[in-house]
Every structure is written in structure tokens, then in C-alpha cells.
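Remarks on the structure that follows.
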Amino acid sequence: MPETTTPGMTPDTTPGDAVATQVPIATMAAKGKGKRIQRAGRAPIGWYIAWAWLGAVVLSAVFAPLLPLWDPAVPDYNNVFGGITPQHWLGGDTLGRDNLSRIIYGARASLLVGICAVLLGALVGGILGMMAGYFGGRTERVLALVTDVVLAFPGLVFIIALVAILGSSLTNLIIGLAILSVPTFIRLSRAATLTVAQREFVQAARAYGCKPLRIIAREIAPNVVLPVAAYGFIMIGVFIVVEGSLSFLGLGIPPPTPSWGGMIAGGRTELLNFPHISLFPAAVMFLTVLSINYIGERTRKQFEVKESNL
């Protein structure tokens with residue numbers, strides 16, 4: 001009778017030899033897979049650095065009144081264009097006001113604009129997008145038309161018109177940026193709703209006779225919040241840059257309220273002789289936005305990986 005061989009055996013090997021060769025290979029493969037999983041779950045050092053910087057900025061802004069800082073609005077004519085000293089760690093601006101104090105208080109305005117505008121835009125856009133994705137039909141067509149109109153209108157012209165009509169203030173700036181962000185969140189939440197609406201738990205809720213608003217609130221909204229929140233985190237960094245740009249142009253937060261964009265604009269005429277007036281707030285803005293974008297992008301990638309495993 002012809003001899004039969006098992007997988008991994010040759011005619012010159014015995015079954016014991018085949019088992020001996022297969023076990024180490026399986027063990028090595030399992031170890032290698034475990035190492036890959038461990039490396040994939042370990043956050044890089046940049047993740048902790050970004051959170052540390054962002055946490056320091058947020059905590060400084062929140063507890064600014066409790067910190068031993070100079071008054072950011074009181075001029076000190078002995079410190080006009082002042083350099084780094086033990087009393088003024090980051091020097092003084094064109095009126096002698098302490099740069100460190102103004103940067104910390106300016107973080108309150110910049111973060112407030114970014115966070116509030118994103119929250120307001122995500123709330124309104126998320127609700128409208130879920131309605132458009134779930135109901136479809138005329139509701140979707142009307143919202144799509146409104147979205148296209150808002151996206152086609154130049155954002156800078158809209159902000160200029162809003163400031164000209166309502167005046168330049170922190171509240172008006174938040175409202176204007178929130179309105180500009182609504183169409184983007186509508187599209188994002190609508191796309192996520194179209195995907196979630198085909199899931200089994202949504203179909204089961206429909207079969208049980210649940211009302212559409214209950215399905216949206218209980219079944220769809222919890223699954224749409226994650227992608228909207230991940231994108232919204234990135235939008236906070238975008239709005240901080242936008243606020244700085246508008247303040248630089250004189251369309252943002254009016255003086256004497258400190259803001260990063262206003263500080264950069266205030267030192268632009270003395271950039272060659274006293275660059276620290278604009279350099280320090282620009283560096284803080286850059287590092288803050290970089291940290292926010294890094295955290296938001298990594299969070300978005302992790303969410304996409306989890307979604308692909310469902």
C-alpha cells in the first residue's frame with residue numbers, strides 16, 4: 001500500500017518529527033502576533049506630549065485669575081518693549097503689558113471661541129444631518145440645498161458682514177463660526193446616519209414599532225457622536241487659527257481683551273526690532289493647534305479601525 005503523509009511531513013520524516021516542527025512555528029506565530037497587538041495598542045510619545053501641552057494650556061486658562069500674574073490690561077511704561085526679565089518672563093509688549101499674562105488670558109478667549117463654536121455647530125449640524133440621513137426624501141433635499149448655499153458663500157465675507165451688522169464681539173464671532181461649521185457637520189452626520197441606519201438594531205427597532213425620533217435619539221445618535229466628536233476636535237484647532245487670523249485683521253475679539261491673534265497683530269510693526277512680542281504668542285498658538293490636530297487625527301484613525309472590526 002502507498003504510504004500517506006500528513007501536512008508538514010516528507011516521506012523521510014516521522015509523525016513525531018512533524019509535530020516537533022509544527023509546534024515551534026505555531027508558537028512563534030502566536031508570539032509575533034502578540035507583539036504586533038502590543039505595539040499597536042501602545043501610544044507613541046507624541047500622544048503624551050500633546051496631551052501634556054494641551055492640558056497645561058487649558059489649566060492655565062481656566063485658573064488664570066488664581067495665578068500670580070500681572071494684570072494683562074494695565075500698561076507698564078517701564079516695561080515698553082521689555083525683554084525677558086525675572087519679573088516679566090516673556091517680556092513686555094508695545095505698551096509694557098506682560099506678555100506671559102496676556103498669552104494665558106488670550107488662551108481663554110481663543111479656546112472659548114474654538115470650543116463653543118464647534119459645540120454649537122456640531123449640535124445643530126448633527127441633529128439636522130441625522131434627520132436628513134434617516135428621513136431622506138424632501139427633508140434631505142432641502143437640507144442639501146441649504147448646505148450647498150452656505151458652503152458656496154465666502155466665509156470671510158460672511159464674517160465681515162456679521163461684524164458690520166452686529167458689531168465685533170466674542171459672542172458674534174462664536175455665532176458666525178458656528179454657522180459656517182454647520183454644513184460640514186450636516187454632511188458628516190448624514191453620512192454616518194446612512195451607514196448606521198442599515199444596522200440590525202435599527203431595523204429591529206423599526207420592526208418593534210418605535211417612533212422615528214426615538215430611534216434617532218436612542219439608536220442612531222450614540223453611534224454618530226463618535227465620528228462627529230473626532231472631527232470636531234480637529235475643528236477646534238481650525239477655529240483657533242481662524243480666530244487668530246480674524247483678530248489679526250481687526251475682525252475678531254476687540255481690544256483690550258487679549259487674544260493670540262491680537263497680540264501677533266500688535267507686534268507686527270516692531271517685528272524686526274522686538275520680535276518677541278509676536279513670536280511668543282505665535283509659538284503658543286502653533287503648539288496648541290499642533291497638539292489638538294495630532295490628538296484629533298489619531299483619535300479619528302482609532303475610531304476608523306474600531307468601525308472596520310464591527
Side-chain angles (χ1 to χ4, degrees), residues 54 57-58 60-62 64 72-73 93-95 97 99-125 147 149-186 231-271 275-293 296:
L54 188 60
V57 172
V58 172
S60 299
V62 172
D93 64 356
T94 55
L95 296 178
R97 295 170 296 189
N99 273 338
L100 177 61
S101 176
R102 290 182 61 78
I103 287 174
I104 293 177
Y105 276 90
R108 307 183 77 183
S110 297
L111 292 175
L112 187 63
V113 169
I115 294 174
C116 291
V118 168
L119 288 178
L120 186 59
L123 179 62
V124 177
T147 300
V149 170
V150 176
L151 290 176
F153 198 84
L156 182 59
V157 176
F158 175 77
I159 295 296
I160 293 175
L162 186 67
V163 170
I165 296 173
L166 301 179
S168 178
S169 67
L170 181 65
T171 302
N172 295 337
L173 183 59
I174 292 174
I175 294 175
L177 293 178
I179 293 174
L180 293 178
S181 68
V182 167
T184 304
F185 285 109
I186 288 178
Y231 181 76
F233 204 86
I234 299 176
M235 286 298 296
I236 292 176
V238 174
F239 281 165
I240 289 176
V241 175
V242 172
E243 181 276 325
S245 302
L246 292 174
S247 297
F248 185 86
L249 297 174
L251 302 174
I253 301 173
T257 303
S259 67
W260 290 340
M263 294 181 64
I264 297 173
R268 68 181 185 275
T269 57
E270 303 293 338
L271 193 59
H276 67 279
I277 299 176
S278 297
L279 179 62
F280 287 136
V284 172
M285 177 186 288
F286 169 76
L287 293 175
T288 303
V289 174
L290 180 63
S291 300
I292 292 175
N293 289 341

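Since the structure is predicted, the reported quantities are computational estimates derived from the model, not experimental observations. We're numbering straight along the sequence, starting at 1.
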Exercise. Roughly how far, to the nearest 0.5 Å, is OG of Ser110 from CD1 of Ile240?
Worked result: 6.5 Å
For this session: Please round to the nearest 0.5 Å and tell me the distance separating atom CD1 of Ile103 and atom CZ of Arg108.
Result: 15.5 Å
Exercise. What's the verdict on side-chain contact (heavy atoms from CB on, under 4.5 Å) for Met263 and Phe280, showing C-alpha distance, side-chain angles and the deciding distance?
Worked result: CA-CA 9 Å; Met263 294 181 64; Phe280 287 136; over 6 Å; no
For this session: Rounded to the nearest 0.5 Å, what's the gap from CE on Met285 to CD1 on Ile264? Could you check?
Result: 4.5 Å
For this session: I would like to know whether Val289 and Val238 meet side-chain contact (heavy atoms from CB on, under 4.5 Å); could you show each step before the answer?
Result: CA-CA 8 Å; Val289 174; Val238 174; over 6 Å; no
Exercise. Which value, rounded to the nearest 0.5 Å, describes the distance between Ile175 atom CD1 and Ile179 atom CD1?
Worked result: 7.0 Å
Exercise. Which heavy atom of Ile253 sits nearest a heavy atom of Ser259, and at what distance?
Worked result: CD1-CB, 4.1 Å
Problem set entry | For Trp260 against Pro281, the heavy-atom pair lying closest together | O-CB, 4.2 Å
For this session: Might you point out which heavy atoms bring Pro72 and Pro258 nearest each other, and give the distance in Å?
Result: CB-CG, 4.4 Å
Exercise. Leu123 versus Phe185: any side-chain heavy-atom pair under 4.5 Å?
Worked result: no
Exercise. Does Thr171 reach the side chain of Ser169, with side-chain heavy atoms less than 4.5 Å apart?
Worked result: yes
Seminar exercise, completed: What one should report as the nearest heavy-atom pair of Val118 and Gly232 is CG1-O, 3.5 Å
Exercise. Any idea which heavy atoms bring Leu162 and Gly176 closest together, and the distance?
Worked result: CD2-CA, 3.5 Å
Exercise. Within a reach of under 6.0 Å around CZ of Phe286, are more than 12 heavy atoms found that belong to other residues, nucleotides or ligands?
Worked result: no
Problem set entry | Nearest-0.5 Å distance that lies between atom CD1 in Ile292 and atom CD1 in Ile236 | 6.0 Å
Exercise. Taking all atoms of both residues into account, what is the closest heavy-atom pair of Pro183 and Thr147, and its distance?
Worked result: CB-CG2, 3.5 Å
Exercise. Would you find a donor on one side and an acceptor on the other, under 3.5 Å apart, between the side chain of Ser181 and the backbone of Ala178?
Worked result: yes
Exercise. With side chains defined as the heavy atoms from C-beta onward, is the minimum distance between Val57 and Leu287 less than 4.5 Å?
Worked result: no
For this session: Report yes if some heavy atom in the side chain of Asn172 is under 4.5 Å from a heavy atom in the side chain of Val163; otherwise report no.
Result: no
Exercise. Which value, rounded to the nearest 0.5 Å, describes the distance between Ile159 atom CD1 and Leu173 atom CG?
Worked result: 6.0 Å
Exercise. Should Val150 and Val182 be marked as a side-chain contact (heavy atoms from CB on, under 4.5 Å) after you check the CA-CA gap, both sets of side-chain angles, and the distance that decides it?
Worked result: CA-CA 9 Å; Val150 176; Val182 167; over 6 Å; no
For this session: Check whether any side-chain heavy atom of Leu177 lies under 4.5 Å from a side-chain heavy atom of Val113, and answer yes or no.
Result: yes
